[in-house]
Amino acid sequence: DAYALQPCDRPTPEPGPGQVRVRVEAVSLNYRDLIALRNKAGRKVAGIVPCSDGAGVISAVGPDVTGWRVGDRVAGCFFQT
C-alpha cells in the first residue's frame, strides 16, 4: 500500500529564522492525519509526518524568534482561525 504508515529515522533539524524545534512528548494519530496521508483533501505533501495532535517542549529556537524560549511547553493548532 502506497499509503501505509512506516516508522523511520530522520536527522534532527536545526530551526531556521522564525522557527522553533519541539521535542514531542505526546501525540495522537487521528482521522485528519489519514485524510492528509491519502491525499483526500487534494494537498499532497511529500514526506508527511502524520501527527496533527501533539504537545511537547521547545528544545531549540532559530534566529529572530521572540516570545518563545527553550523549555516552553507547546501544543500544535492546525486550525488557527
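The two residues C8 and R10 come nearest to each other via the heavy atoms SG-NE, 3.6 Å. When every heavy atom of W68 is checked against every heavy atom of V20, the shortest pair comes out as CB-CG1, 4.3 Å. What you find for E25 and V57 is that their closest heavy atoms are OE2-CG2, 3.5 Å. Nearest heavy-atom pair, S28 versus D33, reported as atom, atom and distance to 0.1 Å: O-OD2, 3.6 Å. Residue S59 comes nearest to R23 through the heavy atom pair OG-N, 4.0 Å, listed as atom of the first residue, atom of the second, then distance.
V22 and V27 end up in different hydrophobic clusters when Ile, Leu, Val, Met, Phe, Trp and Tyr side chains are linked at under 4.5 Å.
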Determine whether R32 and D53 satisfy the following criterion, side-chain contact (heavy atoms from CB on, under 4.5 Å), listing intermediate values before the conclusion.
CA-CA 10 Å; R32 179 186 183 280; D53 294 326; over 6 Å; no

